[in-house]
Amino acid sequence: MDLVQPELLATMFAVAALAGAFDAIAGGGGLLTLPALLLAGLDPVAALATNKLQGSFGSVSSTIAFARRGLIDWKTALPVALSAGLAGLCGALCASLLSPTFLKALVPILLIVIALYFALSKALKAEDGLARLTLPVFAGFVAPLVGFYDGIFGPGAGAFYMVAIVTLLGYGALKATAHTKLANAASNLGSLVLFILKGAVIWPIGLAMAAGAFLGAQVGSRLAMRFGAGLIRPLLVTMSCAMAVKLLADPQNPLRLALSQLIGG
């Protein structure tokens, strides 16, 4: 496979740009990029590693855009990002040691619950609400939990950061999105470090997609800042449901297998 064909690089750039825009608003860009990488002929490990590279550029890009608008409280954000990044690295280190079977069954259920929560709840507002946890507790326990998950498995991590920040820190929609992007960038970069050390990243494709993701995230973050909760809520619900369906579409998903056996009697 020629990894520097102009047509291939241009296609992957375009896919990553679109995914980066979605990711900046509500997450779920991996629904586009990971299948595209597999269709391009990359093996699963190389596809995951290369996807982390482009995803890291996208989340860093949207973080920069939100930060320029003063939407990130750095005193809160930096401890959360640091703990998420370290946890992401630890998760990637443990990925080969732990079976993802339980996560494959649990995550689709959690994503559907999150979709229902944001669709029906009034928690996602433009303005901030009351925090239910202090920053040290959130940074010490909640952010590392999601960061570790991002490193070991990944799908839906942005939605998990979002629901945690909204419900536990009480942030409004746009501020929560901004802080989600920073935390997501940190855990992405943490796990990316391991993939780079293992030599799993396919650099020609990864860099082309990184450029696309960076530009797409700039567009997506500006759309989020312009339309706020009116855009973030429906897209977050849609992408959470789409990720759940994608995971359940895998014939080897343990939840799907269990349901098939139950129905089949």
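One is the number of the first residue; the rest follow in order along the sequence. Computation of the quantities below employed the complete heavy-atom set of this structure, encompassing side-chain atoms and omitting hydrogens, waters and symmetry-equivalent molecules.
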Kindly indicate, with the supporting measurements, whether the criterion side chain to side chain contact (heavy atoms under 4.5 Å, CB included) is fulfilled by Arg69 and Leu174. CA-CA 11 Å; Arg69 287 286 298 273; Leu174 193 55; 5.7 Å; no
Student check: side-chain heavy atoms of Tyr117 and Thr167 closer than 4.5 Å: yes
When rounded to the nearest 0.5 angstrom, what distance separates CG in Leu38 from CG in Asn51? 9.0 Å
Is there a path of hydrophobic side-chain contacts, each under 4.5 Å between heavy atoms, that joins Leu39 and Ile205? no
Could you report the tightest heavy-atom contact between Val166 and Ala176, atom names first, then the distance? CG2-CB, 3.6 Å
List the atom pairs, donor and acceptor, that lie under 3.5 Å between side-chain atoms in residues 237-244 and the rest of the protein, sequence neighbours left out.
from, atom 1, to, atom 2, distance (Å)
Thr238, OG1, Pro234, O, 2.8
Ser240, OG, Leu236, O, 2.9

Ser56 backbone acceptor or donor facing Ser59 side chain under 3.5 Å: yes
Hey, are the side chains of Thr50 and Phe195 touching, using non-hydrogen atoms and a 4.5 Å cut-off? no
Can you give me the closest heavy-atom contact between Val146 and Ala157, atom names plus distance? CG1-O, 3.7 Å
Using the rule that two of Ile, Leu, Val, Met, Phe, Trp, Tyr join whenever any of their side-chain heavy atoms come within less than 4.5 Å, decide whether Phe227 and Met162 are in one cluster. yes
Does Asp128 reach the main-chain N or O of Gly172 with its side chain, forming a donor-acceptor pair under 3.5 Å? yes
Check whether any side-chain heavy atom of His179 lies under 4.5 Å from a side-chain heavy atom of Val80, and answer yes or no. no
Can Thr177 and Tyr171 be said to form a side chain to side chain contact (heavy atoms under 4.5 Å, CB included), step by step? CA-CA 9 Å; Thr177 301; Tyr171 287 2; over 6 Å; no
What is the minimum heavy-atom distance between Thr63 and Ala185, and which atoms define it? OG1-CB, 4.3 Å
Distance-minimising heavy-atom pair for Ile25 and Leu223: CD1-CB, 4.3 Å
For Arg222, which residues count as a side-chain hydrogen bond (donor to acceptor under 3.5 Å, both in side chains) partner, sequence neighbours excluded? Gln218
Dump the intermediate steps for side chain to side chain contact (heavy atoms under 4.5 Å, CB included) on Phe160 and Leu111, then the final yes or no. CA-CA 8 Å; Phe160 297 149; Leu111 287 170; 4.2 Å; yes
Looking at Asp43, Leu48, Leu42, which hits side chain to side chain contact (heavy atoms under 4.5 Å, CB included) with Val45? Asp43
Is the shortest heavy-atom distance from the side chain of Asp150 to the side chain of Lys52 under 4.5 Å? yes
So do the side chains of Tyr149 and Pro155 get within less than 4.5 Å of each other, counting heavy atoms only? yes
Note: Leu255 and Ala105 closest approach over all heavy atoms is CD2-O, 3.6 Å
So Trp203 and Leu53, do their side chains get closer than 4.5 Å, heavy atoms only? yes
Heavy-atom check, side chain of Leu106 versus side chain of Phe153, under 4.5 Å: no
Which value, rounded to the nearest 0.5 Å, describes the distance between Leu215 atom CG and Leu18 atom CG? 13.0 Å
If two hydrophobic side chains count as joined below 4.5 Å and joins carry through other members, does Leu8 share a cluster with Met209? yes
Distance check, rounded to the nearest 0.5 Å: Leu248 atom CG versus Lys246 atom NZ? 11.5 Å
Side-chain heavy atoms nearer than 4.5 Å, only ILVMFWY residues, links allowed to pass through others: does that put Leu247 and Val163 together? yes
CG of Leu37 to CD1 of Ile202, rounded to nearest 0.5 Å, is 9.5 Å
In the structure I gave you, are the side-chain heavy atoms of Ser221 and Lys181 within less than 4.5 Å of one another anywhere? no
Here the gap from Ile196 atom CD1 to Lys198 atom NZ, rounded to the nearest 0.5 Å, amounts to 13.0 Å
Is it the case that one hydrophobic cluster holds both Leu9 and Phe214, taking links as side-chain heavy atoms less than 4.5 Å apart, direct or via other members? no
Within the distance-only criterion (no hydrogens, no angle test), does the side chain of Asn253 pair as donor or acceptor with the backbone N or O of Lys104 below 3.5 angstrom? yes
Would you indicate whether Lys175, at its atom NZ, is surrounded by more than 12 heavy atoms from other residues, nucleotides or ligands within a distance under 6.0 Å? yes
Distance in Å, Leu231 CG paired with Met225 CE, rounded so as to fall on 0.5 Å steps: 12.0 Å
Between Ser187 and Tyr161, does any side-chain donor sit less than 3.5 Å from a side-chain acceptor? yes
Which heavy atom of Ala24 sits nearest a heavy atom of Ala217, and at what distance? CB-O, 3.5 Å
Given Leu89, which of Leu189, Leu194, Leu192 fulfils the side chain to side chain contact (heavy atoms under 4.5 Å, CB included) condition? Leu194
Checking side chain to side chain contact (heavy atoms under 4.5 Å, CB included) against Phe22, which of Leu31, Thr33, Leu235 comes through? Leu235
